[in-house]
2 protein chains.
Amino acid sequence: MKGIRQLAKHLDISIGTVSRALNGRPDVNEDTRKRVLAAAEELGYVANQSGRSLRQGTTNVIGLMIESSKETVENSDNFFLGVTGGLQSVLSRHKLDLLMLPCPNDEDPHEYLKRMVARRIVDAMIISATQRVDKRIDLLIKTKIPFVALGRSTSGGNHTWIDLDFEGVAACAVDRLVSKGHRRIAIAAPSNDINLGYIFVDAYRKSLERHGIAFDPALVIRVKSSEQGGYQAGHEMLRLESKPSAIILIYELMAIGLYRRLNEAGIVPGRDLAVIGFREEPRGKFLQPSLTCFRMSLRDLGVELAETLLATMPAYAEHYPKGARSTIWPLELAPGESDAFSLTS
Amino acid sequence: MKGIRQLAKHLDISIGTVSRALNGRPDVNEDTRKRVLAAAEELGYVANQSGRSLRQGTTNVIGLMIESSKETVENSDNFFLGVTGGLQSVLSRHKLDLLMLPCPNDEDPHEYLKRMVARRIVDAMIISATQRVDKRIDLLIKTKIPFVALGRSTSGGNHTWIDLDFEGVAACAVDRLVSKGHRRIAIAAPSNDINLGYIFVDAYRKSLERHGIAFDPALVIRVKSSEQGGYQAGHEMLRLESKPSAIILIYELMAIGLYRRLNEAGIVPGRDLAVIGFREEPRGKFLQPSLTCFRMSLRDLGVELAETLLATMPAYAEHYPKGARSTIWPLELAPGESDAFSLTS
DNA sequence: CCGCTTTTCGGAAACGTTTTAGTATGGCAG
DNA sequence: CTGCCATACTAAAACGTTTCCGAAAAGCGG
């Protein structure tokens, strides 16, 4: 005899009343409610989650699925830990807790999610690193689990998603470089298999064409999104017959490797070559010269994610009457010294 | 009527037999077992976790508590994501899943853990960022939840913990610098409030004294463990009246800031000042000059963590007959160019 | 053919909670 | 005084699963 039963016996009261008192139900005398709360506090009673969720089919837990693949570990640079701050601040207001579900790298993300969903351990999900076709989305729709995807996708009709404003960033970077007279602008990006690689390069191409500059496939350098990739990107760029005067990096981390390769070749970023990075992480400003890149608040993104998710959950939707089902998250230009090189002056 | 009942009805078999078939119990005919498994696969049946854990008081889930404080986000640099790889590889062999519990930065970690434990959502815990006195440890001992702490602590008698070999690293760094003739060796570390700061500086002091070098408090520069902190450390070091010829950094990230400050002062690391970092992250080797630091495998640490934890869980202890209750995790020297500066030659 | 063990299965209890339905009690209008 | 309603409580059912216990069937030695 444990749990609420013990508490009820200790108070010489029925367990039903204890439960209603703890859960703030109306039909319980205020005096008894106080007694119950005091006793619960004293005995350190907290409702067993299994029994509770078995009965009411809810867990008050939100899952955030992340991948712990080698790639992610090296690149994401605490992206998720940063986002959780904003997530928590919203979720805690509704007494919801956040659980991170790291998908093992040797397991299919779809299978992993299926297992977690079947377990009924979460009320809703946030999935990240969404692919262009992503079975996880169909699964979540089929099982009717509220969710929001971090990353756009074409799977499963129109679901709710949030993604970074790659188009805006690419346009801003290209505009900025073109206004300084650059016509041959290289870009270092991951392969088209990665959603980001596809979208970003596509946006880059469109931005160029808007300026009447022909898209040159040779200027698209496909590398890993890491320092190593940045080094390699520098290497490949230097081997081009017609050298670019500017380069856009999809990951700021690449800049560290790129700088090193440029240094070996005696090229100074910002003086001989304009460099613009993408997502700012706390490294860029300490490089020499400091990196021009795009800034965003991970915390704010987390807040937006949480609010969008709650809007899709029937029990909470009333507080978050969102119309938009998909959000493009803007980034702000954070100017540095690395793109000072200009062809116009 | 859902779940196992439906499955049983579909097979025209009792639910008890279905359950036993799915859980691999011996007293069930192999033919019926096959039928059950096939039907479960076909109908996509997975046992509801709430019902299951309510009955058997177990969840098959291991919790990893991390802090999502600003400090952690900026410094830990995907430490946890890296460790999870190793954790998962061991846990999945026992059909255990890993859950990351990010403690909100505005909540007391102790209260957060209490809530999570009361929920009965995990069978065992791994807690990180252990403090020298840490109420979480008393809580876990009191509630009899198997756990292992990442970081040493004096709380709660002798519990199981794993920590990095700060003594070994400090000794190795000091030895190496002293062998090159350095006598005034500075150290950049966080304050004594942080466990790491206390232990590392203490080990540094002992190493110096072993070489007969007097400990000079002025050479201990207390800064944040970030690029910013590294920059500041450089700044403070340059203001010392009697300048050191070498410096040890507790976080490799500091090197980026330090390098920048040194550059501003016209000082070249490895030529005018010997620099040794601590934990290698994939940045150091791309700095110029490359950083001498200490390397470890996050994955292996995760494996060790998982095996140590399983050894403390009665249901799994048989496979992991560990004697040691505490482990010092070694790091390996990764030589670079930054400590080339020598006073002996 | 009998008694015994082994194999295989069905029925039912149990896990801890919430919630529904029902029951006293008291107040109040008629 | 009677009927009615609001209040505050109790009792019991339900959530989905696992596991204990007993029983039927089957095998087997005598």
Side-chain angles (χ1 to χ4, degrees), chain A residues 1-37 39-40 43-61 95 115-123 143 315, chain B residues 1-37 39-40 43-61 95 115-123 143 315:
Chain A
M1 184 174 53
K2 270 179 306 194
I4 200 174
R5 215 177 316 256
Q6 190 179 29
L7 190 57
K9 189 167 191 177
H10 176 257
L11 287 163
D12 196 29
I13 251 181
S14 84
I15 63 175
T17 303
V18 174
S19 173
R20 288 200 315 279
L22 291 174
N23 293 12
R25 288 308 167 94
D27 56 346
V28 48
N29 187 294
E30 274 311 315
D31 283 344
T32 48
R33 188 194 303 280
K34 274 178 195 154
R35 284 207 311 144
V36 170
L37 289 177
L43 302 186
Y45 169 79
V46 179
N48 177 304
Q49 182 64 33
S50 301
R52 162 180 273 232
S53 68
L54 176 57
R55 169 63 221 227
Q56 52 182 21
T58 210
T59 64
N60 288 344
V61 166
K95 301 213 179 302
R115 206 170 69 230
M116 288 304 165
V117 161
R119 259 207 168 113
R120 295 274 137 74
I121 212 175
V122 296
D123 288 347
T143 53
Chain B
M1 182 172 57
K2 271 180 305 195
I4 201 174
R5 216 176 316 254
Q6 190 180 30
L7 190 58
K9 189 169 191 177
H10 176 258
L11 287 163
D12 196 29
I13 252 182
S14 83
I15 61 174
T17 304
V18 174
S19 173
R20 289 198 312 275
L22 291 174
N23 293 14
R25 289 308 167 95
D27 54 348
V28 49
N29 187 293
E30 273 312 312
D31 284 343
T32 49
R33 188 195 303 281
K34 274 179 194 152
R35 284 207 311 141
V36 170
L37 289 177
L43 302 186
Y45 168 80
V46 179
N48 177 306
Q49 182 64 34
S50 302
R52 164 181 271 234
S53 68
L54 175 59
R55 170 63 222 226
Q56 53 181 20
T58 210
T59 64
N60 288 344
V61 166
K95 301 211 180 302
R115 206 171 67 231
M116 289 304 164
V117 161
R119 260 215 168 107
R120 294 273 138 75
I121 213 175
V122 297
D123 288 348
T143 55

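All values below come from the heavy atoms of this structure, side chains included, with hydrogens, waters and symmetry mates left out. Letters A, B, ... mirror the listed sequences (proteins, then strands); counts begin at 1.
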How long is the line joining [atom1] of [X] and [atom2] of [N], in whole Å?
| X | N | atom1 | atom2 | result |
| --- | --- | --- | --- | --- |
| B/Lys9 | D/dG16 | NZ | C1' | 16 Å |
| B/Arg55 | C/dT17 | CZ | P | 16 Å |
| A/Asp12 | D/dC9 | CG | C1' | 12 Å |
| A/Gln6 | C/dT17 | CD | P | 10 Å |
| A/Ile15 | C/dT20 | CD1 | P | 15 Å |
| B/Arg120 | C/dG16 | CZ | P | 9 Å |
| B/Asn48 | D/dG16 | CG | C1' | 6 Å |
| A/Leu54 | D/dA14 | CG | P | 14 Å |

Name the closest nucleotide to the [X] side chain, picking from [options].
| X | options | answer |
| --- | --- | --- |
| B/Arg5 | C/dT19, D/dT19, D/dG16 | D/dG16 |
| B/Ala47 | C/dT19, C/dC9, D/dT18 | D/dT18 |
| A/Ile13 | D/dT10, C/dG16, C/dC9 | D/dT10 |

Regarding [X], tell me which of base, sugar-phosphate or nothing describes its non-hydrogen contacts under 4.0 Å with the strands shown.
| X | result |
| --- | --- |
| A/Asp27 | base |
| B/Arg25 | sugar-phosphate |
| A/Thr32 | sugar-phosphate |

Reckon [X] has a side-chain N or O less than 4.0 Å from the OP1 or OP2 of [N]?
| X | N | answer |
| --- | --- | --- |
| B/Asn23 | D/dT18 | yes |
| B/Gln56 | D/dT17 | no |
| A/Arg52 | C/dT18 | yes |
| B/Gln49 | D/dT17 | no |
| B/Thr17 | C/dG10 | yes |

Any A/Val28 side-chain heavy atom under 4.5 Å of A/Thr17 side chain: yes
Heavy-atom side-chain proximity of A/Gln49 to A/Thr59 below 4.5 angstrom: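 In short, these two side chains touch, coming nearer than 4.5 Å.
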Strictly distance-based, threshold 3.5 Å: is any side-chain N or O of A/Arg25 a donor or acceptor partner for the main-chain N or O of A/Ser19?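 Such a contact is absent between A/Arg25 side chain and A/Ser19 backbone.
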Any chance CZ of B/Arg20 has more than 12 other-residue heavy atoms, nucleotides or ligands included, within less than 6.0 Å?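 Atom CZ in B/Arg20 is packed in, count exceeds 12.
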Can you check side chain to side chain donor-acceptor pair (under 3.5 Å) on B/Ser50 and A/Ser53, steps first, answer last? CA-CA 6 Å; B/Ser50 302; A/Ser53 68; 2.7 Å; yes
Most 5' of B/Arg20 and A/Gly16 on DNA chain C, judged by nearest nucleotide: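 Nearest nucleotide further toward 5': that of B/Arg20.
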